[in-house]
2 protein chains.
Amino acid sequence: MKCECKECVIQSLMFSNVGVAEIENICYIKTEKEFKKGEIIYNKGDEISDFAYLKSGLVKYYSIFNDGKSHILSIAKPFDTINMINSFNECKSLYNLSALEDSVICYIPLKDIKTIIKTNGNFAFDFIQKFSIVTNKTIKQLMLINSKNLSGRVAFILLHFANDIYKNQVFDIPISRKEIAELIGMTTENVIRALSEFRLEKIIRINGKEIEIIDMDRLTKISTYG
Amino acid sequence: MKCECKECVIQSLMFSNVGVAEIENICYIKTEKEFKKGEIIYNKGDEISDFAYLKSGLVKYYSIFNDGKSHILSIAKPFDTINMINSFNECKSLYNLSALEDSVICYIPLKDIKTIIKTNGNFAFDFIQKFSIVTNKTIKQLMLINSKNLSGRVAFILLHFANDIYKNQVFDIPISRKEIAELIGMTTENVIRALSEFRLEKIIRINGKEIEIIDMDRLTKISTYG
DNA sequence: TTAATAAAATGATATATATCATAAACTGTT
DNA sequence: AACAGTTTATGATATATATCATTTTATTAA
C-alpha cells in the first residue's frame, strides 16, 4: 500500500524534512481504521502505541470529572493529529475520544515516529512547531470561551463550526445541544435558549441539525463582546 | 561563567542526552536577568529570542481579552520553563508575563536550542516530552477549574499554592485577592467571601497575605467535589 | 407503522454569582 | 505622623445561569 493522501500531515507538514526513503517506509507501515459515528476511539487511560491523525470525519476529546459531567475539550477535524498531546507523556490517553461523524483514522506506530525524531533533527523541529501550534490553539480557545457569557459562548462555537471546521455559513451541526453545552460549560437548556434567541433575532436559521448563519456580523459581535 | 544551578532544567532534565561539549557551551552562553516584583517580563506580542527558565521567584502568564479584564492562565515556579509554549510558534509571546515575586530568569538564545534540537535527536525527544508534560498540566488545570463552583475553585487554588508551589501548609500568598479572581474566573468580592467562609469554618487561618491550611481534608473535599 | 426513547424547546422558579455601595485595614509617600 | 491610594472585607441588591417541569419534535427499535 502506498500513501496517496494529498493533505496528509506526515507528507505535507511534518515530513518536509524527512528523506524520501523514510517517507516511503512510513507510507508502507501505516494502517487505517474506520469508526462509526458514536464509536469510542480511545478511553481515558488507554495505552497509546500509535501516532494517529484524522483522515476524515470529526472526533471529540472529552473528560468526565468529579461532577459526573462530561466536559468536551475540543473537536478534531480532518488532518488534525489525534492525541499528539499525550503521545509523549506516559503514552496513556488523557482524554476520552469518540467519533462525532463516521471517521477514518490513520495510524503510524509511535515507535517509528520516535525513531525519526531521534534520528532526524529537522523533522523533530517541525514536529515541535506543529505541536506548539495545536496546543496553543487549544489553550487559547479554552481561555477565550471562559471569558464570555452564555450568548458569547454559543456564538463563538457556531462561528467555530462555520469558519474553522466546515468553512461554510450553512452546516449540519455534528453535535447535540447537550454536547454544545459540554463544550462551552453551560446547561443544555440555556444553549437551546441562546440558539432560539439568535433564531428569533434572525441571526441564524435553524432546521434541526442544519444551521445557517444569516447575520455573520452580529454573530461575530456577540461572540467578540459577549 | 560556569553554570552551577543544580536543578537547572537544561542540565538535569533536558540535557541528559546532550554531549558534554554542548553543555559546557550552553553554560557559557547563558545570561541571567533579575526582575523586581511587579515588573513585566514579556508583553503579549513581544519577540521571543531566548529560551528562558525561572531560576527563582514566581511569574504569572496572563491575557487581556475584549472584556477588558485580565485572565491569568497559570503561574510558573522555580525551574519551570518560561514561554516554552510559544517559543516554537511565531516566536512572539502569546501572553503577558510579569513577576509576582522578585525573580531571576536564565536565558539561552533560542537559536542555540534550535540548533541542538536539529542536531541531537535524543535532546529533541526529551524536549518534546517535557513540553508535553507542561502543556498537558496547563490544559488539565484549566478544564478542572472550569468544572468547579466558587468554593471549589478557591479551595483548588489554595491547594495549588500549598501542595505544588510552596509545599507547605503555611505560606504567604503571592497574589492579591483580585489576582486569585483573575486566575479562577470569579469576582474579587466572591473570592474574598469564599476565603472568609473558609476562615469562619476553621478550614484556613488568614492573616493578611499569610494563609495556613488547618483542615486539609475538608479543603481537599471542597476542591474535589465543589 | 407504531410504540418507545431521546432530543429539542419553552416556561416558572431557584440559586449562584456579579454588581454596587460602603467601611475598615493596610501600604507607601511625604 | 498624616495623607492618599489601594486592598480587603461585608452587606444589599441585581442579574445570569441552573434547575425542575412540561410539551413538542425527532430518532430508533420492534
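Since we're looking at a predicted model, the values are computed, not measured. Letters A, B, ... are given to chains in the order of the sequence lines, protein chains preceding strands, and every chain is numbered from 1.
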Candidates [options] - which lies nearest the side chain of [X]:
X: Ser176(A); options: dA8(C), dC20(D), dA9(D); result: dA8(C)
X: Thr187(A); options: dT17(C), dA18(C), dA18(D); result: dA18(D)
X: Met186(B); options: dT10(C), dC20(C), dA18(C); result: dA18(C)
X: Leu150(B); options: dT19(D), dT17(C), dT8(D); result: dT17(C)
X: Ile192(A); options: dA9(C), dT17(C), dA18(D); result: dA9(C)

Euclidean distance, atom [atom1] of residue [X] to atom [atom2] of [N] [Å, nearest integer]:
X: Lys178(B); N: dA9(D); atom1: NZ; atom2: P; answer: 16 Å
X: Asn146(A); N: dT17(D); atom1: CG; atom2: C1'; answer: 15 Å
X: Ile184(A); N: dA16(D); atom1: CD1; atom2: C1'; answer: 13 Å
X: Glu189(B); N: dA16(C); atom1: CD; atom2: P; answer: 18 Å
X: Lys69(A); N: dT19(D); atom1: NZ; atom2: C1'; answer: 10 Å
X: Asn149(B); N: dA18(D); atom1: CG; atom2: C1'; answer: 12 Å
X: Arg177(A); N: dA7(C); atom1: CZ; atom2: C1'; answer: 9 Å

Problem set entry | Neighbours of DNA chain C within residues 193-211 of chain B, by heavy-atom distance under 4.0 Å |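 Residues of residues 193-211 of chain B that come under 4.0 Å of DNA chain C are, in numerical order, Arg193(B).
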
Exercise. Is it true that the NZ or CZ of Lys60(A) lies under 6.0 Å from the centre of Tyr62(A)'s six-membered ring and within 45 degrees of the ring axis?
Worked result: yes

Exercise. Cation over ring, Lys221(A) on Tyr225(A), under 6.0 Å and within 45°?
Worked result: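 The answer is no, since Lys221(A) fails at least one limit relative to Tyr225(A).
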
Problem set entry | salt bridge (Lys or Arg N to Asp or Glu O under 4.0 Å), paired with Asp102(A), selected from Lys33(A), Lys37(A), Lys36(A) |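 So the option named by the test is Lys36(A).
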
Closer than 4.0 angstrom, basic N to acidic O: yes or no for [X] and [Y]?
X: Glu201(B); Y: Arg218(B); result: yes
X: Lys30(B); Y: Glu32(B); result: yes
X: Lys178(B); Y: Glu182(B); result: yes

Exercise. OP1, OP2 of dT17(D) versus side-chain N and O of Asn190(A): anything below 4.0 Å?
Worked result: no

Problem set entry | Side chains of Thr187(A) and Asn190(A), donor plus acceptor under 3.5 Å |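 Result is yes, a qualifying pair exists.
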
